[in-house]
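Predicted model only: the values in this text are computed from it and were never measured. Here is the naming used below: chain letters follow the sequence lines, and residue numbers restart at 1 for every chain.
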Amino acid sequence: MESMEIDRGNTPPGGEKGEELKQIILVLIGLPGSGKSTFCEEVAKVSSRPWTRVCQDAIKNGKSGTKIMCLSVAAAALEDGKSVLIDRCNIDKEQRADFLKLGSSETEKHAVVLDLPNSLCISRSVKRSGHEGKLQGGRAAQVVNHMAPKKELPKLSEGFNRIMFCYNEKDVKEAIKLYGSLRLCDSLPSGCFGQKSLDSMVQVGIRSFFKKQDTSGNAKSVPEDSGNQGAEAGSHTAGDALEKKGKFDKVVVTTSTSGSTASCCIPTLAFPSISTADFQFDLEKASDIIVEQVEEYISRIGEAKLVMVDLSHGSKILSLVKTKAAKKNIDSNKFSTFVGDITQLRSGGGLSCNVIANPTNREIKPGGGGVNAAVFKAAGFELEVATKERAEKLAAGECVIVPLPSSSPWFGAEGVTHVIHVLGPNMNPKRPDCLKDDYTKGCKILREAYSSLFEGFVSIVKSYGNEDQNGKRTAPFVPEKNKKSKGSSSPLSKSGVNNQNQVEQGSTTKTWNPWAQALHKIAMSPGNHKDVVLEVSDHVVVIKDSYPKAQQHLLVIARCHGLDSLADVSGEDIPLLKEMHDVGLKWAEKLILKNKSLEFRLGYHSIPSMRQLHLHVISQDFDSTHLKNKKHWLSFNTPFFLDSVNVIKQLEEDGELRLGNESFFDGVLRCHRCLSVNPNMPKLKNHLRSCKYPLAVLIQSGYLISSEGKYR
DNA sequence: GTTCTAGAAC
DNA sequence: GTTCTAGAAC
């Protein structure tokens, strides 16, 4: 876990008794005259931590000694609970190796490289007088010139936890400030910092580095996403980063014999209107919701299809939906209406639908006179048994996916593989749970019901897909009788109930409450949220955070399906993360142009509250009425907040991310500038208004974007 | 994520 | 008494 955060313990300045001591071996690396001794003196002067300086030039009663002496003194100091500064040139790997063997596995091994220009080192060492090692005057120049070519920069692989590179006096000052501010229990983020090298991501000009990468280049070409609409569909690269787990852009469907496209093999969901029959929901309102939800989900089902079915020819709801869908230009190849018996679609109407939605009752039992009774009758007792295994009851707005046993008559006769039972809102006073004309609640529940239903269908579609090595789904969809249904792995809660809030994440299921879906909805249908959207592209949406925690707080939201949070991110998402970073950086710069005092940090919450991967672009004033509680503060000011640069770096180097956890919310309220501890939020906020201390660690780590440079 | 509010802390 | 936190509900 890398972060700006110095303190990993919850301690007031100076630490407290009994707290974990973080010992450090700090190996200074630099030519004579590079400023190693000054560095040590300055750190020791301001630090509250006990440091022992181990200086080879003065180790023998003020005179020059040997490396072995240094090792011995350092070992004794560490034994004594002190941290040590190894003040010798340590110019190559071999020189450093023995010092890295000191201490325990708990001891942090740091290097500070004072890689100042040779000319400066020579000039300083020549001019100095009273040098401990008597290396001054003309001989000093000789020594520096002799040593310079042997200089071997340190690497983490030598055994360092952290390496910090300084190239000028400003860098050195920052490093002194950083180490000088470390208290007993503090530790610093691991990794290389400040290195001048293009292959180091913690660099000035990271943006231009990103730009050199073809952000679309390593995504494979994918077929056009016919589900995207308007501005979203313009680019032929639209699918690049969107081609994701869970996304089903193009299903190449062939029959096993002829290889020709066969509609009978395309996953299709047949659904009747929910709640408009016995539950007496207003038809106009219901049709609006149906079309809205179809529009939202149609881009997620690839070539799978949705068919709305009604038994009667004069069905008003069917007609309303048909008209409204046409007005919205919803692809009629993917969504259509059908008049017929939902239990006999294939045999009676030649329409193969492998998934049937059943508007059921609270107990999910046969009964009533409508579709529910007909479905249970057609599917036989097998459906009742299979349903009972999954859920006993449903709440309004929820659904449950039931894989149909192959012994069910419906399976053989109609090719139905799954039934999705769904319960809508009831507006009929003669039935239980009547909402008594409360259409605010009713619409919300009906929307949830369709959303749950379609989300369930998406999960079934996913379960049918077989991916080849390129991640393309090529296998035909054939409901084999003997094929073990993966429907059982559909997102189900303990109760067996599914709703749109549950999403598979790797082997686990993450629950997203309805309130946590707002960003997801914006990402999927930015056109419906024009009031809040600042920018839309094929892969990202930018919005202002509705509850900003600072003067400026934007979110760059990924538009990719299947990327709910960092937990879903893998190496293949690096181009998308870089694009998000670039967009975030662009907005930060734009805002800085308007207000030069703003400083920004770009990063992700380890465990976000809101669904859909989003990058925070947040100014570091934290001046906002919406910053109210401890969690707000700690989520941006502990390693729970992962800097975008670091996320990308970790993925590139390790192929995986080290996420923070909620234990950070137990921490103290420490000012991110001066590191002072504040007893509560109001006091912290009051303190923040006046604290002008520079954001030393952020600057040093290269995480801060300010008017003085993208990364100072 | 926010809002509301009981009750703990001051 | 007021301030502040934290848990429940949404």
Side-chain angles (χ1 to χ4, degrees), chain A residues 10 12 395-398 423 425 433 435 438-449 451-452 493 495 497 499-503 505 510-526 529 531-533 541-550 552-558 563-568 603-618 622-638 640-642 659-671 676-689:
Chain A
N10 305 328
E398 288 182 340
L423 182 63
D433 300 330
L435 292 174
D438 181 355
Y439 269 98
T440 309
K441 207 168 182 183
C443 287
K444 184 170 171 268
I445 295 173
L446 190 64
R447 195 170 280 117
E448 282 173 10
S451 183
S452 301
S493 69
S495 66
V497 174
N499 61 32
Q500 82 275 27
N501 312 325
Q502 291 178 329
V503 180
Q505 278 192 337
K510 162 85 183 177
T511 300
W512 296 98
N513 286 312
W515 51 258
Q517 307 275 3
L519 302 183
H520 177 73
K521 286 187 190 297
I522 292 170
M524 295 309 137
S525 330
H529 303 86
D531 50 332
V532 293
V533 170
V541 181
V542 183
I543 62 163
K544 272 192 177 189
D545 194 301
S546 305
Y547 299 90
K549 305 300 182 293
Q552 294 294 345
H553 186 182
L554 308 185
L555 301 177
V556 181
I557 313 169
L563 273 190
D564 288 343
S565 72
L566 280 185
D568 300 314
Y604 300 86
H605 281 153
S606 291
I607 307 164
S609 299
M610 305 293 281
R611 178 180 179 193
Q612 198 64 19
L613 182 69
H614 54 281
L615 172 73
H616 291 270
V617 178
I618 184 163
F622 292 103
D623 175 9
S624 165
T625 52
H626 297 291
L627 184 81
K628 289 177 177 170
N629 61 43
K630 211 172 166 182
K631 187 177 175 182
H632 289 157
W633 177 254
L634 296 171
S635 70
F636 288 102
N637 290 286
T638 63
F640 186 84
F641 187 81
L642 302 173
L659 301 179
N661 57 56
E662 294 186 343
S663 66
F664 289 114
F665 300 151
D666 297 331
V668 292
L669 297 170
R670 196 184 289 285
C671 169
S676 64
V677 175
N678 293 265
N680 54 45
M681 280 305 290
K683 294 219 165 56
L684 171 69
K685 292 187 74 177
N686 197 37
H687 167 83
L688 292 175
R689 278 179 212 117

- Base, sugar-phosphate, or nothing for A:K444, non-hydrogen atoms under 4.0 angstrom? nothing
- Message: The criterion is salt bridge (Lys or Arg N to Asp or Glu O under 4.0 Å); which residues satisfy it with A:K444, sequence neighbours excluded?
- Response: A:E448
- Which word best sums up how the rings of A:F636 and A:H616 line up, parallel for under 30°, tilted for 30 to 60°, or perpendicular for over 60°? perpendicular
- Task: Identify whether any heavy atom of A:H614 sits under 4.0 Å from a base atom; if not, whether one sits that close to sugar-phosphate; answer base, sugar-phosphate or nothing.
- Result: nothing
- Task: Could you pull out all residues at least two apart from A:D433 that satisfy side-chain contact (heavy atoms from CB on, under 4.5 Å)?
- Result: A:R362
- Which of parallel (below 30°), tilted (30 to 60°) and perpendicular (above 60°) describes A:W633 and A:F622? perpendicular
- Between the side chain of A:S635 and the main-chain N/O of A:H632, is any donor-acceptor distance below 3.5 Å? yes
- Query: Nucleotide range of DNA chain C contacted by chain A, 5' to 3', under 4.0 Å to a heavy atom?
  - Reply: C:dC4 to C:dC10
